[in-house]
Amino acid sequence: MLPRGLFFIFVQCSREKLKRMAVRKPKLLIIGANGFVGSWVARLADSSFDVTLGSRNVSGPNSARIDITQADSVIDSFQTIKPDVVLLTAATADIDKCEREKDLINQINFQGPVNVATECNRLGTRMIFCSTDAIFDGTLAAYPEDATPTPVNEYGKSKARAEKAIAEIHSDTVILRFSLVLGRAFAAGTNSYVDKLDAQLRAGQKVATPTYEYRNPIDVRRLARVMIEMASRPETGIFHVAASDKLARYELAQKLAVKLGHSPDLIVPQTEPIPGRAPRGLDDFLVCERLPAVTGFVVPNCDEVIESAIDRTT
Ligand SMILES: NC(=O)c1ccc[n+]([C@@H]2O[C@H](COP(=O)([O-])OP(=O)(O)OC[C@H]3O[C@@H](n4cnc5c(N)ncnc54)[C@H](OP(=O)(O)O)[C@@H]3O)[C@@H](O)[C@H]2O)c1
C-alpha cells in the first residue's frame with residue numbers, strides 16, 4: 001500500500017494527466033492490435049482515442065511495427081508515437097504451445113510486458129495489461145482479485161510472473177484478468193475460441209470438450225468496452241472481468257453450437273484429461289467484484305455473454 005502522502009501525489013499526477021488528455025483526443029497504442037481482442041478494442045476506441053495499431057505484422061496509416069520481445073523496438077515506437085495509454089494484448093495464449101516452448105513464451109509473455117512496462121514508466125504512460133484465470137490452479141472454485149496466484153501450467157506461470165513484475169516497475173498499471181473470451185474475430189487466424197469451434201463444427205467434426213472444467217467467460221464486446229473505460233480512468237491495480245455464473249466447458253460448447261446453428265450432438269463429452277495436454281485448473285471462477293464497485297459495470301450472466309458472442313456488430 002502507498003504511504004498517504006505518496007498516494008495523494010499519485011492521484012494528483014493521474015488527474016493532471018487526465019486533464020491534459022481531455023483537451024485533445026488521447027493517444028492509445030494497442031500492441032497486439034491484429035489479434036482477436038486487440039482488433040475489437042481498435043474498432044470501439046476509434047471515436048474516443050487517437051488509436052495506433054501495434055503489432056509485429058502490421059502496415060498502413062496509424063500503425064507501428066513493434067516486437068515487444070525487443071526492448072529497442074518498444075523504445076523506438078514509444079518515441080515516435082508518444083502514447084498516453086498503452087493496451088498490451090500481445091501474447092501467446094496457446095496453453096499447450098506454452099508448455100512446449102518455455103523460452104519463447106518467457107520472451108513473449110514475460111520479457112515483452114516487462115519491456116513495455118519499463119518504457120511506460122519512463123514516459124509516464126498508463127498501461128493496461130491482459131492477464132488470465134490460468135494464474136489460478138482451479139481448486140478453490142472462487143478467486144477474488146486479491147487471491148494469491150497458483151498457476152499449474154507454463155502459460156499461467158508466465159502471466160503471473162509478468163503481473164508481478166509490471167506492478168513493481170510501473171504504478172500506473174491496470175491488470176485485467178479474464179477467462180475464456182467469447183466472440184467473433186474480424187480476421188482469420190486469431191485466438192477466438194468461437195471461430196475455431198464454428199470452423200470445426202462446419203466441417204462436421206465432433207469436438208471433444210471437458211465436462212469437468214468450469215469457467216466464467218466474458219464476451220469480447222463487453223471486455224473491449226471495459227478496456228476503453230479503464231484507459232480513461234485513474235484507478236490502478238487488478239480487476240476481474242467475468243460472468244456472474246459458470247458453465248462446464250462441455251455445456252458452454254453445446255450452447256455455443258446451438259447459437260451458431262449446429263447440432264449440440266457434435267460436442268462430445270471428454271470426461272478425463274487427454275495425455276500430453278497441458279494441465280488446466282478445474283474451476284478457475286473469477287469473482288468480479290472490484291470492477292462493478294469502481295465503474296458500475298453490470299456483470300452479465302453466461303447466457304448474456306453467449307448471446308453477445310456470436311455477431312460482429314460493434
Ligand atoms: N482469447 C481468450 O480467450 C483469452 C483468455 C484469457 C486471456 N487472454 C489474453 O488476452 C490477450 C489477447 O488475446 P487474444 O485472444 O487477442 O490473442 P491473439 O488473437 O493471439 O492476439 C495476440 C496478438 O499478439 C501479437 N503478438 C504476438 N507476439 C508479439 C510480439 N512479440 N510483439 C508484438 N505483438 C505480438 C500477434 O500479432 P502479430 O503476430 O501480428 O505480432 C497477435 O495478433 C492475451 O494477453 C491473452 O493472453 C485471452
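All residue numbers refer to positions in the sequence shown, counting from 1. Note that the structure is a prediction, hence the values are computed from the model and not measured. Whatever order the structure lists ligands and atoms in, that order sets their numbers, starting from 1.
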Is the closest side-chain donor-acceptor distance between [X] and [Y] under 3.5 Å?
| X | Y | result |
| --- | --- | --- |
| Asn57 | Ser55 | no |
| Asp103 | Gln107 | no |
| Gln270 | Tyr212 | yes |
| Thr314 | Arg43 | no |
| His240 | Asp133 | no |
| Ser131 | Glu163 | yes |

Q) Do Val37 and Leu29 share a hydrophobic cluster (ILVMFWY, side-chain heavy atoms under 4.5 Å, transitive)? A)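 No, Val37 does not connect to Leu29 through the hydrophobic network.
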Q: Tell me whether Leu53 is reachable from Ile31 by hopping between hydrophobic residues (I, L, V, M, F, W, Y) whose side-chain heavy atoms are closer than 4.5 Å.
A: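 As far as the 4.5 Å side-chain criterion goes, Leu53 and Ile31 are not connected within one cluster.
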Any N/O pair [X]/ligand 1 closer than 3.5 Å:
| X | value |
| --- | --- |
| Asn34 | yes |
| Leu88 | no |
| Phe178 | no |
| Ile31 | no |
| Gly38 | no |
| Ala93 | no |

Pick one of side chain, backbone, both or neither for how [X] approaches ligand 1, counting any non-hydrogen atom pair under 4.0 Å.
| X | answer |
| --- | --- |
| Ile66 | backbone |
| Ala185 | neither |
| Lys159 | side chain |
| Tyr155 | side chain |
| Ser131 | backbone |

(Q) To check you understand the geometry: which heavy-atom pair defines the closest contact between Arg184 and Trp40, and what is its length? (A) O-NE1, 2.8 Å
Q: Taking all non-hydrogen atoms of both residues into account, name the closest pair between Asp195 and Arg312 and its distance.
A: OD1-NH2, 4.1 Å
**Q.** Residue-ligand contact Ser73/ligand 1, heavy atom below 4.0 Å
**A.** no
Q) Nearest to atom 28 (N) of ligand 1 by heavy atom, Gln111, Arg56, Arg65: which? A) Arg56
To check your reading of the model: name the closest protein heavy atom to [atom], its residue, and the distance in Å.
| atom | answer |
| --- | --- |
| atom 35 (C) of ligand 1 | Ala90 CB, 3.5 Å |
| atom 21 (O) of ligand 1 | Gly35 CA, 3.3 Å |
| atom 44 (C) of ligand 1 | Thr89 O, 3.2 Å |
| atom 5 (C) of ligand 1 | Ser179 O, 3.1 Å |
| atom 16 (O) of ligand 1 | Val37 N, 2.9 Å |
| atom 15 (O) of ligand 1 | Asn191 ND2, 3.1 Å |
| atom 3 (O) of ligand 1 | Val181 N, 3.0 Å |
| atom 40 (O) of ligand 1 | Ser55 OG, 2.5 Å |

List every atom of ligand 1 that sits less than 4.0 Å from any heavy atom of [X], numbering the atoms from 1 in the order shown and giving each element.
| X | value |
| --- | --- |
| Asp67 | 30 (C), 31 (N), 32 (N) |
| Ile68 | 30 (C), 31 (N), 32 (N), 33 (C) |
| Cys130 | 10 (O), 11 (C), 45 (O) |
| Thr69 | 31 (N) |
| Thr190 | 19 (O) |

Q) So do the side chains of Thr92 and Asn109 get within less than 4.5 Å of each other, counting heavy atoms only? A) yes
**Q.** Residue pair Glu145 / Leu291, side-chain heavy-atom distance below 4.5 Å
**A.** no
Q. So among Leu182, Val41, Val241, which one has a side-chain contact (heavy atoms from CB on, under 4.5 Å) with Leu223?
A. Val241
**Q.** Face-on cation placement of Arg249 at Tyr193 ring, 6.0 Å and 45° thresholds
**A.** yes
Q. Between Asp311 and Arg221, does a salt bridge (Lys or Arg N to Asp or Glu O under 4.0 Å) hold up when you go through it step by step?
A. CA-CA 10 Å; Asp311 77 84; Arg221 187 178 289 102; 3.2 Å; yes
